[in-house]
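Taking it in order: structure first as structure tokens, then the write-up.
Here the structure is a predicted model, which means the values were calculated and not measured. So that the names make sense, note that chain A is the first sequence line, chain B the second, and so on, each numbered from 1.
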Amino acid sequence: MKIVTRFAPSPTGVLHIGGARTAIFNWLFARNNGGNFILRIEDTDQARSTKESEKEILESMKWLGLDWDSEPIRQSERTEIYKEYANKLLSEGKAYKCYVTPEQLQEKRKEAQEKGEYFKYKREWAEIGAAPDKPFAIRLATEDAGKVLVQDLIRGNIEFDLKEIDDFVILRADGFPTYNFAVAIDDFDMGISHVIRGDDHLTNTSKQILIYDALDLGKPKFAHVSMILGEDKAKLSKRHGATSVIEYKNDGYLPEAVLNYLVRLGWSFGDQEIFTKDELIEKFNLESIGKSPSIFNPEKFLWVNSWYIKNRPTEEIAEKIMPLLKERGYKTEPDITLLKVIKELRERSETLNEMVEKSSYFFTNDFEYDENAKNKFLTEDMIPIFQKVIEKLTNLENFTHDPIHNAFGKVMDETELKLGKIAQPVRVALTGGTKSPGIFEVIEILGKEKTIERLNKATRLCSR
RNA sequence: GGCCCCAUCGUCUAGCUCGGUUUAGGACGUUGCCCUCUCAAGGCAAAAACACGGGUUCAAAUCCCGUUGGGGCUACCA
């Protein structure tokens, strides 16, 4: 059997963390089995669906490296297909027209709730307000007793009692299918072999099975994954901070890190934490997906990202960081200097954005001096020492790490000061603060001209 | 409320399918130490969990039942 999976977002917002993980699981399962991965846009809710949102979801998918086979399919363009199936059910008496308006139903529902009663749609209401020209919805005629069995690859067999299930609407008065109907039809029509989705759809699955049985269609296999929760164990939402893929992209996360972190939320492979994309494709399986919900942990996510910041090729980091540098007005090219800056800063940054923030003094002379650092380290007694450093560095022909180190050694000998006593003030002079890569590395990257210039400026700041 | 799902360190998880090999392993975070020109990175170490109660069994984190807790669904939304 050909493995075909799908990701079916509704274009009513951004691609969020939970949706992204569902997409990743489906994509991985398809790729692992040499199958197809299909993207289906569930835009049957005309009021809430937007093109912009669809575009953004597609962009997020591309950014994550989740490629799909064949063109994305939009449910809004398939209404005729749904109608056909609905009519088939109608003609077979497995579905019927219902003229009760949503408003009338809302009222009945409210009444029942006020009496503390369980609300269930009753078939005899269907004809209320019936007239030849009145709009109607189509409902599936379901049995009153019996069970529906959901066979889940992750959770095993789950039974739902039919007395809990309404004659639910499959085709709305506006001619659009409801979610459950469109999904069932599409999954069949598109030859989906495995439906991997959040367990918030478990009850929907029972309804979809009812549709398949009424139509006598073959069913896909189902795998319901537990949801991703926020730190307070509530469903992940905006108030838990960033929840969309795009936000993480904008915050300086790498797509590999997002992929890696999310796939490990609910799935594992022994003790392994870091996976390349190829490894994931090779190792991913449904059996190792856990049943319990997982809590989204920003700290671990940050750690995964910092791992990729440290380990991705320098050229790749350079390419990604250049637009960010440009935004700040730092003219830069992918030259040796940028590569050196990245080499030093990647050990100290958890995100690309942080790396940019920490790199300003490499690209501009116009950086701020930290007030405390200035007061503590740029003091009058430093003037002769800075002069010695300037003197030794000026004489250097080969302005690289080791000669610079030697130059400092000479200053240490002559002043009888320890390196720390010299390096820290120099650091403040060159970077404006007390935290930076190793001082010899900083000096090498800055080059002779800028280093001397800044030491001179610092000397002036010392004499106040 | 009803129905459904879930339950190992604070968090992600290994182990559970096929009960003994477990003083329950790894990772993030936390704390301490080492390294050290600062900050990091790195190394080493520590604290930290089988929700509870019953069974079954010679033996249970592993199997069964219940309780509790958490989550989801309960629309002519998806």
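In this entry the distance linking CD of A:E231 with P of B:G29 reads 14 Å, nearest Å. In this structure, A:D370 atom CG and B:U38 atom P are separated by 17 Å, rounded to whole Å. The separation between A:E299 atom CD and B:U31 atom P is 13 Å, rounded to whole Å. Counting to the nearest Å, the P atom of B:A40 and the CD1 atom of A:I439 are 16 Å from each other. One can place CD1 of A:I404 at 16 Å from P of B:C37, the figure rounded to the nearest angstrom. Rounded to an integer number of Å, the gap from CD1 of A:I309 to P of B:A40 is 17 Å. Residue A:I154 contributes atom CD1, which lies 15 Å from atom C1' of B:U17 at whole-angstrom precision. When the C1' atom of B:C39 is taken as reference, atom CD of A:E357 falls 15 Å away, rounded to whole Å.
Nucleotides B:C18 and B:U11, compared at atom C1', are 31 Å apart to the nearest Å. Distance check on atom C1': B:C52 versus B:U68 gives 7 Å, rounded to whole Å. Using atom P as the reference point in both B:G20 and B:G25, the two lie 16 Å apart (nearest Å). Rounded to the nearest Å, the gap between the P atom of B:A14 and that of B:A27 is 15 Å. Rounded to whole Å, the C1' atom of B:U74 lies 39 Å from the corresponding atom of B:G19. Distance noted for atom C1' between B:C9 and B:G2: 36 Å (whole Å). For the P atoms, the distance linking B:A51 with B:A7 amounts to 10 Å, nearest Å. One C1' atom belongs to B:C76, the other to B:G72, and the distance between them is 22 Å to the nearest Å.
The closest side-chain donor-acceptor pair between A:R427 and A:Q424 falls under 3.5 angstrom. Side-chain atoms of A:E56 and A:S53 form no donor-acceptor pair, as typed in the model, at a separation below 3.5 Å. Using a 3.5 Å distance cut-off with no hydrogens or angles, the side chains of A:N285 and A:W267 do pair a donor with an acceptor. A:N180 and A:T178 share no side-chain donor-acceptor pair at under 3.5 Å. Looking only at atom types and distance, the side chain of A:S226 has a donor-acceptor partner in the side chain of A:R155 under 3.5 Å away. Neither side chain, A:D43 nor A:Q75, offers a donor N or O lying under 3.5 Å from an acceptor on the other. Using modelled atom types, one finds no donor on one side chain facing an acceptor on the other under 3.5 Å when comparing A:N204 with A:Y179.
A perpendicular orientation is assigned to the rings of A:Y248 and A:Y253, their planes being inclined by more than 60° (bins at 30° and 60°). Between A:F301 and A:Y261, the angle of the ring planes stays under 30°, which puts this pair in the parallel group of the 30/60° scheme.
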Give me the distances for all protein-to-nucleotides 41-46 of chain B N/O pairs that come in under 3.5 Å?
unit_1, atom_1, unit_2, atom_2, d
B:A41, O4', A:E347, O, 3.4
B:A41, O2', A:E347, OE1, 2.7

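Residue-level contact check: A:R427 touches the bases, meaning some heavy atom is under 4.0 Å from a base atom. Heavy atoms of A:S226 sit nowhere under 4.0 angstrom from any nucleic acid atom. Among the heavy atoms of the strands lying under 4.0 Å from A:E273 is at least one base atom, whether or not backbone atoms are also near. A:G438 comes within 4.0 angstrom of a nucleotide base, judged by non-hydrogen atoms across all strands. Across all strands, A:Q106 comes closer than 4.0 Å to no nucleic acid atom at all (heavy-atom distances). A:G433 comes within 4.0 angstrom of no nucleic acid atom, judged by non-hydrogen atoms across all strands. A:F160 comes within 4.0 angstrom of the backbone, heavy atoms only, and of no base. A:L265 comes within 4.0 angstrom of sugar-phosphate atoms only, judged by non-hydrogen atoms across all strands, and of no base.
Applying the 4.0 Å criterion to OP1 and OP2 of B:A14, one finds that A:S268 has a side-chain N or O inside that range. Distances shown here put a side-chain N or O of A:S294 below 4.0 Å from the OP1 or OP2 atom of B:U13.
Listed candidates were B:C37, B:G26, B:C3. Nearest to the side chain of A:F440 is B:C37. Nearest nucleotide to the side chain of A:I295, out of B:C6, B:U11, B:C28: B:U11.
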How does protein reach along nucleotides 70-78 of chain B, written 5' to 3' as B (base within reach of a heavy atom under 4.0 Å), S (only sugar-phosphate), or - (no contact)? -SSS-SBBB
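When each of A:S292 and A:S288 is assigned the nucleotide of RNA chain B with its nearest heavy atom, A:S292 is the one assigned upstream, toward the 5' end.
Base pairing of B:C73 is made with B:G2, judged by Watson-Crick or G-U wobble geometry with both donor-acceptor distances under 3.5 Å. Pair assignment for B:C16 gives none, since no Watson-Crick or G-U wobble pairing has each distance under 3.5 Å. Pairing of B:G32, defined by two Watson-Crick or G-U wobble distances under 3.5 Å, is identified with B:C44. Across all strands shown, B:A27 forms a Watson-Crick or G-U wobble pair with B:U11, both key distances being under 3.5 Å. Under the Watson-Crick or G-U wobble criterion, with both distances below 3.5 Å, B:A61 is left unpaired in every strand shown. B:A51 is paired with B:U67 under the criterion used here, namely a Watson-Crick or G-U wobble arrangement in which both key atom distances are under 3.5 Å.
Applying the side chain to side chain contact (heavy atoms under 4.5 Å, CB included) test between A:I24 and each of A:L259, A:V258, A:L280, A:N260 identifies A:L259 as the sole match. Among A:D199, A:T205, A:D200, the single residue meeting the side-chain hydrogen bond (donor to acceptor under 3.5 Å, both in side chains) criterion with A:H224 is A:T205.
Within the cation-pi definition used here (under 6.0 Å to the ring centroid, within 45° of the axis), A:K97 qualifies as a partner of A:F136. Geometric assessment of A:R123 against the ring of A:Y96 yields a negative cation-pi assignment under the 6.0 Å and 45° thresholds.
The base of B:G1 has none of its N or O atoms less than 3.5 Å from a complementary donor or acceptor on the side chain of A:E117.
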